[in-house]
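Single-structure report; data block below.
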Number of protein chains: 2
Amino acid sequence: MKSLLRYDRTVTYHHGDLRRTLLAETASAIAEDGVAKLSMRALAKRAGVSNAAPTYHFGDKSGLLTALATEGYDRLAEAMSGVDEGGGLIDRGVAYVEFALACPSHFTVMFQPRLLHDDDGELTAARQRAWAALSVGVATTRSGPDSDFGVAAWSLVHGYATLVLSGAVEPEDALRQARIVAGHLVEGADRSR
Amino acid sequence: MKSLLRYDRTVTYHHGDLRRTLLAETASAIAEDGVAKLSMRALAKRAGVSNAAPTYHFGDKSGLLTALATEGYDRLAEAMSGVDEGGGLIDRGVAYVEFALACPSHFTVMFQPRLLHDDDGELTAARQRAWAALSVGVATTRSGPDSDFGVAAWSLVHGYATLVLSGAVEPEDALRQARIVAGHLVEGADRSR
DNA sequence: GATCTATCTTTTCACTGTAAAGATTCGTCG
DNA sequence: CGACGAATCTTTACAGTGAAAAGATAGATC
């Protein structure tokens, strides 16, 4: 019987790896035009599938962004645990900024809970893992009820990353400046470890 | 002749203060449901006018958000110049956070240039005024090529505000914690003025 | 009072997200 | 090998959106 397919892709009917492809295309589309202009239909066209294919995999647009944020938290946890051993607080802060600049679309979406299904199971699990990886070596540096210092450190690197991504701060070398900036907070704290 | 109006508002045909009303409604709508779910038509209905009325005043949706961001920069400049005299660096940082929490919709939009007509004249002018008001007393505290300290201070308060607004940090008393957090960066810098 | 301009409405169009139902392929078990 | 169920993708349809164009009304100016 003759195929009635409009999108008669010569390869296969089943894409095989569509979910991952869609996530990657979403990240690059957001990096180009921002999350506000992200279109499910344009995304589908970009991946070479029909417009309802993304909805099948992610439920809805928020589900797509939830999956992207989950992936982001996983990558962040991985990035943070990568400098777990030798590096001090500053190195960990720089790694945070490095992640934000390397995965700007993920980073942006991760901190806009209104775009997500914020109570999604995998999302909250990945988020908890990332939080755990983040707080390693921070709360322990200045112990006691002084976790305000941890909030300060997080705020500093998060703010710097946000300002750079928004274009409010335009450094020559972001990671280099991140190191300097983080140094202003840490001062003797890193030495007293 | 009988009026053909569908929206036969008993008051006046001309609203009289529609632009300001739309800006206020926009701010509260974003505060409730986020900027992604902001609808020009719903906004118009909420203000009791036809769907094309907002477009007349702001050109398009980006124009509306540009006007909101401009208003935000003006309010920020005002808030920062309010603590210009007596207060030190910490007070200025707290004022920044206070503004962000008091005007979350403005603050959010101000740092998402993709949503705006970023080269708009009034926007860039208001932004420059705010930047000027921000850098007062920061670059001068630690002079020389050490404006990296200014970036650090800005990053700290901006990051803290962002994290609180996104729900990533949930303090009992945000302004109190902001003061403590800012204290970790400033340390002796404020004393040496 | 007439005319010009600012403000607002109506209508229309292409595009969006998403729901529902159908088509195709894959995996699995007989 | 064959059949059947499940997973994957397509088609179609619908209400809602931003924006453009043209018309209606009110206010201002002379």
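The sequence lines fix the lettering, A, B, ..., with proteins before strands; numbering per chain opens at 1.
- Residues from residues 18-34 of chain A placing a heavy atom under 4.0 Å of any atom in DNA chain C do not occur.
- Atom CG in B:Asn51 sits roughly 13 Å away from atom P in D:dA20 (whole-Å rounding).
- For B:Arg41 against D:dG16, a side-chain-to-base donor-acceptor contact under 3.5 Å is absent.
- Annotation: salt bridge (charged side-chain N to carboxylate O under 4.0 Å, His left out) contacts of B:Asp173 (sequence neighbours excluded): none.
- Residue pairs meeting the salt bridge (Lys or Arg N to Asp or Glu O under 4.0 Å) criterion with at least one member in residues 103-125 of chain B, sequence neighbours excluded: B:Asp118-B:Arg127.
- The salt bridge (charged side-chain N to carboxylate O under 4.0 Å, His left out) check on B:Asp74 picks up B:Arg129, with sequence neighbours excluded.
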For residues 106-113 of chain A, run the donor-acceptor check on the side chains, cut-off 3.5 Å, and write out each pair with its distance to 0.1 Å, sequence neighbours left out.
residue	atom	partner	partner atom	Å
A:His106	NE2	A:Glu71	OE1	2.7
A:Thr108	OG1	A:Pro104	O	2.8

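- Per the geometry, CG belonging to A:Leu43 stands 13 Å off C1' belonging to C:dT16, to the nearest Å.
- OP1 or OP2 of D:dT17 lies within a sub-4.0 Å distance of a side-chain N or O belonging to B:Ser39.
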Give every donor-acceptor pair under 3.5 Å between a side-chain atom in residues 53-60 of chain A and any protein atom, sequence neighbours left out.
residue	atom	partner	partner atom	Å
A:Asp60	OD1	A:Gly63	N	2.9
A:Asp60	OD2	A:His117	NE2	3.4

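- Following rounding to the nearest Å, A:Lys45 (NZ) and D:dT10 (P) show an atom-to-atom distance of 13 Å.
- Note on B:Leu38: only backbone sugar-phosphate atoms sit closer than 4.0 angstrom, heavy atoms only; bases stay farther off.
- Between the C1' atom of D:dG18 and the NZ atom of A:Lys37 lies a distance of 13 Å, rounded to the nearest Å.
- Less than 4.0 Å separates DNA chain D from at least one heavy atom of each of the following residues of residues 52-65 of chain A: A:Ala52, A:Ala53, A:Tyr56, A:His57.
- In this structure, A:Glu98 has no salt bridge (charged side-chain N to carboxylate O under 4.0 Å, His left out) partners at least two apart in sequence or on a different chain.
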Show me, pair by pair, the donor-acceptor contacts under 3.5 angstrom made by side chains of residues 34-43 of chain B, not counting sequence neighbours?
residue	atom	partner	partner atom	Å
B:Ser39	OG	B:Arg41	N	3.3
B:Ser39	OG	B:Ala42	N	3.1

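- Side-chain polar atoms of A:Trp154 and A:Tyr96 form a donor-acceptor pair below 3.5 angstrom.
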